[in-house]
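Before any comments, here is the structure.
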Amino acid sequence: MTSSTAVERPAPVRRPWLAFALLTLVFWGIWGAFAGMATENGFPETLVYCVWSLTMIPPALIVLARNGWKLERTRAAIVYGMTIGLLGAGGQLILFIALAEGPAYLVFPLISLSPLVTIGLSLTLLGERTNLLGWIGIGLAVIAVPLLDYRPGGLRAFSPEPWFFLALIIMVFWGLQAYFIKLGNRHVSAESIFFYMMASGILLAPVAWFMTPADASVNWGASGFGNALLVQALNAFGALFLVLAFRYGKVIVVSPLTNAGAPLATAVISLVLMGVMPGPLKFVALGLALVASVLLALAPESESRKQPNQ
């Protein structure tokens, strides 16, 4: 008599968070490469915000439709969704003021440190953990992101003026937003979260509209409004993929991966399509971002101390 022993093969590791994070990198990378075109062509940034808020509607309706039009109307769903949306949209409105008061080459590197807020909260309150490979990737990403936005002369130009504190507020807002996206995903569907994010963005659109100078010359043609519409649609879908990435993945990995990977994708696209050659410091930052992205993508997933309530 013969007997056969079935050999159990390990199930393949499914990482939906990585797929959504990579989609975020692609969409935000393209968005970043072309985001300034509409403004350069005479379409004010405040109106770009208004266009962005409208482009959030299609992805919100698409994911709701795929979810059987099941919109959660509980207090938790509304509070989480609106909090996430208002933190993101409110930070964007404050950014307009910060850029009017201070140099962009200092404002953006400071804001780009928002993953530090997210990681700190996730470690202490969510109990998330990663391995050595992941920690190296996080560290490199935190170093790379500010360098990607750095412009020479920053240290000489620094002074604790109002724009500096505004940039700190934005950094905290966007760091909190990423944390609440993950926390909200433990209690509310990602589809409902994104719907309320869309609603909050539209809610603040009139504020952006009235922030536009009355005497501003607005290009409503294809190179202005049309460009903003197409490019901001990429931004909106990238935000949706980010919410889905946070649903499945750890915020301490997804946040630095997307924050470092998106500017890296933007730089590559700008180099290929527009021939924009970065300086030596940015080359170093791009190299760090590339290594960080690879390490974060390859880092094995480990369990958190606190399990999500799903």
Side-chain angles (χ1 to χ4, degrees), residues 15-28 31 49 52-93 114-115 117-119 121-122 125-128 170-205 232-259 262 304 306-310:
R15 295 177 135 194
W17 70 266
L18 181 57
F20 287 120
L22 292 178
L23 283 171
T24 303
L25 300 190
V26 172
F27 276 69
W28 277 2
W31 162 68
Y49 173 92
W52 164 79
S53 68
L54 295 177
T55 61
M56 291 282 282
I57 297 175
L61 295 180
I62 289 172
V63 293
L64 267 185
R66 290 179 59 86
N67 196 40
W69 299 104
K70 297 176 182 176
L71 175 64
E72 298 182 44
R73 298 179 177 87
T74 63
R75 178 181 298 179
I78 295 172
V79 169
Y80 276 119
M82 295 299 290
T83 298
I84 292 165
L86 291 174
L87 284 170
Q92 183 61 57
L93 292 179
S114 63
V117 177
T118 306
I119 293 169
L121 291 172
S122 301
L125 301 181
L126 297 182
E128 291 190 341
I170 301 167
M171 179 190 74
V172 172
F173 272 26
W174 288 354
L176 284 172
Q177 183 194 35
Y179 166 76
F180 278 113
I181 290 175
K182 179 60 180 180
L183 185 61
N185 266 300
R186 293 185 170 187
H187 306 281
V188 183
S189 70
E191 293 82 4
S192 295
I193 288 176
F194 193 79
F195 179 87
Y196 291 115
M197 286 175 62
M198 175 269 292
S200 61
I202 293 177
L203 185 66
L204 293 182
Q232 293 307 313
L234 295 170
N235 185 6
F237 276 95
L240 170 61
F241 295 137
L242 180 65
V243 172
L244 293 172
F246 279 131
R247 170 199 268 180
Y248 298 107
K250 293 183 178 181
V251 71
I252 62 171
V253 174
V254 174
S255 180
L257 174 60
T258 51
N259 274 271
S304 307
K306 303 174 186 177
Q307 297 301 321
N309 301 319
Q310 295 177 342

**Request:** Could you pull out the closest heavy-atom pair between Ala190 and Leu244, with the gap in Å?
**Result:** CB-CD2, 3.8 Å
**Complete:** Those residues at least two apart in sequence (or on a different chain) that pass ring pair (Phe, Tyr, Trp, His ring centres under 6.0 Å) with Tyr49 are Trp52
**Fill in**
side-chain contact (heavy atoms from CB on, under 4.5 Å) filter on Val172, not counting sequence neighbours, yields Leu176
**Message:** Just so I know, are the side chains of Leu242 and Val254 near enough to count as touching, which here means a heavy-atom distance under 4.5 Å?
**Reply:** yes
**Asked** With sequence neighbours excluded, what pairs up with Val63 under the side-chain contact (heavy atoms from CB on, under 4.5 Å) test?
**Response** Glu191, Leu240
**Request:** Could you tell me whether the side chain of Leu257 reaches within less than 4.5 Å of the side chain of Leu18, counting heavy atoms only?
**Result:** yes
**Message:** Using the side chain to side chain donor-acceptor pair (under 3.5 Å) criterion, which residues pair with Trp28? Sequence neighbours excluded.
**Reply:** Asn235
**Asked** Does any N or O in the side chain of Lys182 come within less than 3.5 Å of the main-chain N or O of Gly249, such that one atom is a donor and the other an acceptor?
**Response** yes
**Request:** Can you spot which of Thr24, Asn185, Ile193 makes a side chain to side chain contact (heavy atoms under 4.5 Å, CB included) with Phe246?
**Result:** Asn185
**Asked** Residues two or more places apart in sequence or in another chain: which of them pass side-chain contact (heavy atoms from CB on, under 4.5 Å) with Ile202?
**Response** Ser53, Ile57, Met198
**Which residues share a side chain to side chain donor-acceptor pair (under 3.5 Å) with Ser192, sequence neighbours left out** = Ser189
**Prompt:** If you round to the nearest 0.5 Å, how far is CD1 of Ile181 from CG of Leu183?
**Reply:** 11.0 Å
**Prompt:** How about Phe195 and Glu72: do any of their side-chain heavy atoms sit closer than 4.5 Å?
**Reply:** no
**Prompt:** Side chains of Trp17 and Arg247: does their closest heavy-atom pair fall under 4.5 Å?
**Reply:** no
**Request:** Determine which pairs satisfy side chain to side chain donor-acceptor pair (under 3.5 Å) with at least one residue from residues 171-180, sequence neighbours left out, and list them in order.
**Result:** none
**Request:** Not counting sequence neighbours, which residues clear ring pair (Phe, Tyr, Trp, His ring centres under 6.0 Å) with Phe237? List them please.
**Result:** none
**Prompt:** Are Thr118 and Phe180 close enough, and set up right, to give a side chain to side chain contact (heavy atoms under 4.5 Å, CB included), and what steps lead you there?
**Reply:** CA-CA 9 Å; Thr118 306; Phe180 278 113; over 6 Å; no
**Residues which pass ring pair (Phe, Tyr, Trp, His ring centres under 6.0 Å) with Tyr80, listed by chain and number, not counting sequence neighbours** = His187
**Request:** Return the set of residues passing side-chain contact (heavy atoms from CB on, under 4.5 Å) with Phe173 (not counting sequence neighbours), or none when no residue passes.
**Result:** Leu87, Ile94, Ile169
**Message:** Quick one, Phe241 and Leu22 - any side-chain contact, counting heavy atoms below 4.5 Å?
**Reply:** no
**Message:** Show the nearest heavy-atom pair for residues Ala89 and Gly201, with the distance to one decimal.
**Reply:** CB-CA, 4.2 Å
**Fill in**
Tightest non-hydrogen contact, residues Met82 and Leu203, listed as CE-CD2, 4.2 Å
**Message:** Run the side chain to side chain donor-acceptor pair (under 3.5 Å) test against Gln92 and tell me which residues pass, sequence neighbours left out.
**Reply:** none
